[in-house]
Number of protein chains: 2
Amino acid sequence: MRDPVRAALDVCPVEVSIAVLGGAWKLSVVRYLLTRTHRFGELQRAVGEVTPRTLTRALRELETDGIVTRTVYPEVPPRVEYSLTELGRSLGPVVDWLEQWGESYAKTQATLSSDATLGD
Amino acid sequence: MRDPVRAALDVCPVEVSIAVLGGAWKLSVVRYLLTRTHRFGELQRAVGEVTPRTLTRALRELETDGIVTRTVYPEVPPRVEYSLTELGRSLGPVVDWLEQWGESYAKTQATLSSDATLGD
DNA sequence: CGGTATCCCACGGGATACTG
DNA sequence: CAGTATCCCGTGGGATACCG
């Protein structure tokens with residue numbers, strides 16, 4: 001188990017969830033994998049401007065935490081597919097929820113910032 | 001708007017949610033404020049071993065992001081109360097969900113680690 | 001009581017180059 | 001194609017001490 005997760009265990013269950021899902025790109029990855037299995041390159045293009053190193057680390061951590069599965073096909077050229085575990089799929093509802101919340105939050109803040117801009 | 005949140009806007013709504021809620025202690029704070037208004041010291045004792053500086057920063061960010069309200073009572077000794085905004089209260093369901101998910105995750109991983117220990 | 005100030009460090013994430 | 005290697009840096013969070 002990763003250290004941040006272990007540390008969160010001593011605090012509160014919600015901190016455990018954040019320790020597992022809190023990193024940048026992680027929930028985006030889960031979101032795309034909810035639709036279907038992706039190859040590394042697909043994932044990279046899907047989530048946007050993420051460097052391969054950062055994406056690899058996010059995927060490795062999600063793998064360690066039991067959220068994604070990594071399957072290597074010993075072919076040339078190499079092919080690696082990422083998919084969700086049962087546990088990963090169980091995140092469907094909350095990813096959905098957070099996506100909608102984030103969306104409506106963005107709208108709210110857009111309104112606030114246009115108000116605030118008047119006072120700039 | 002805070003930079004991490006602004007950056008997340010260019011990525012994906014779920015990243016916005018993570019940018020707002022992803023920090024350590026933040027969701028714990030929200031969780032306690034969902035039950036009732038708390039004073040600073042209460043919050044500090046409630047969430048566990050968090051330093052005042054870290055808790056202050058978490059609260060300030062949550063305030064900036066429109067999740068919590070800070071009310072100062074000009075008394076001696078000073079009293080400051082934190083409560084949730086409407087937006088903050090809208091997090092009720094997801095905090096609940098993440099708490100349960102984190103809880104069951106902890107159990108799962110406990111099982112896995114006891115299995116893994118056999119192989120250590 | 002409810003914070004700040006100061007210092008410190010680890011780690012997450014980016015940039016760039018390279019490889020099996 | 002799917003990464004690694006290397007370097008770098010900002011920031012988040014902790015420790016400790018102090019303040020209005």
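The chains referred to below are lettered A, B, ... by the order of the sequence lines, with proteins before strands, and numbering in each begins at 1.
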Along DNA chain C (nearest heavy atom to each residue), the more 5'-positioned of B:Thr56 and B:Pro77
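This one resolves to B:Pro77.
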Polar side-chain atom of [X] near backbone of [Y] as donor-acceptor pair, under 3.5 Å:
X: B:Tyr32; Y: B:His38; value: no
X: A:Glu15; Y: B:Ala24; value: no
X: A:Arg36; Y: A:Ser83; value: no
X: A:Gln109; Y: B:Met1; value: no

In whole Å, I'd like the distance from the [atom1] atom of [X] to the [atom2] atom of [N].
X: A:Arg60; N: C:dG12; atom1: CZ; atom2: C1'; answer: 17 Å
X: B:Asp3; N: C:dG13; atom1: CG; atom2: C1'; answer: 15 Å
X: A:Gln44; N: C:dG13; atom1: CD; atom2: P; answer: 15 Å
X: B:Leu43; N: C:dG2; atom1: CG; atom2: P; answer: 10 Å
X: B:Leu59; N: C:dC1; atom1: CG; atom2: P; answer: 17 Å
X: A:Glu61; N: C:dC11; atom1: CD; atom2: P; answer: 11 Å
X: B:His38; N: C:dG3; atom1: NE2; atom2: P; answer: 15 Å
X: A:Trp25; N: C:dG13; atom1: CH2; atom2: C1'; answer: 10 Å

Residue pair A:Trp101 / B:Ser90, side-chain donor-acceptor N/O under 3.5 Å:
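A:Trp101 vs B:Ser90: donor-acceptor pair found between side chains.
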At the 4.0 Å heavy-atom cut-off to chain B, mark where contacts on DNA chain D begin and end, going 5' to 3'.
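The contact span of chain B on DNA chain D goes from D:dG12 to D:dG20.
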Please step through salt bridge (Lys or Arg N to Asp or Glu O under 4.0 Å) for the pair A:Arg89 and A:Glu86, ending with a clear verdict.
CA-CA 5 Å; A:Arg89 280 190 293 277; A:Glu86 185 72 19; 3.0 Å; yes
Nucleotide of C:dG3, C:dG20, C:dG14 approaching A:Pro78 most closely (side-chain heavy atoms)
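The answer is C:dG20.
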So what does [X] hit on the nucleic acid, given a heavy-atom distance under 4.0 Å: a base, only sugar-phosphate, or nothing?
X: A:Arg39; value: sugar-phosphate
X: B:Arg53; value: base
X: B:Tyr82; value: sugar-phosphate

Taking the nucleotide of DNA chain D with the closest heavy atom to each, which residue, B:Arg2 or A:Pro52, is nearer the 5' end?
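Per heavy-atom nearest nucleotide, the more 5' residue is A:Pro52.
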Does a side-chain N or O from B:Arg57 land closer than 4.0 Å to OP1 or OP2 of C:dT4, or not?
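For C:dT4, neither OP1 nor OP2 has a side-chain N or O of B:Arg57 closer than 4.0 Å.
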Return the CG to CG distance between A:Leu21 and A:Asp65, rounded to the nearest 0.5 Å.
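Interatomic distance, A:Leu21 CG to A:Asp65 CG, rounded to 0.5 Å: 8.5 Å.
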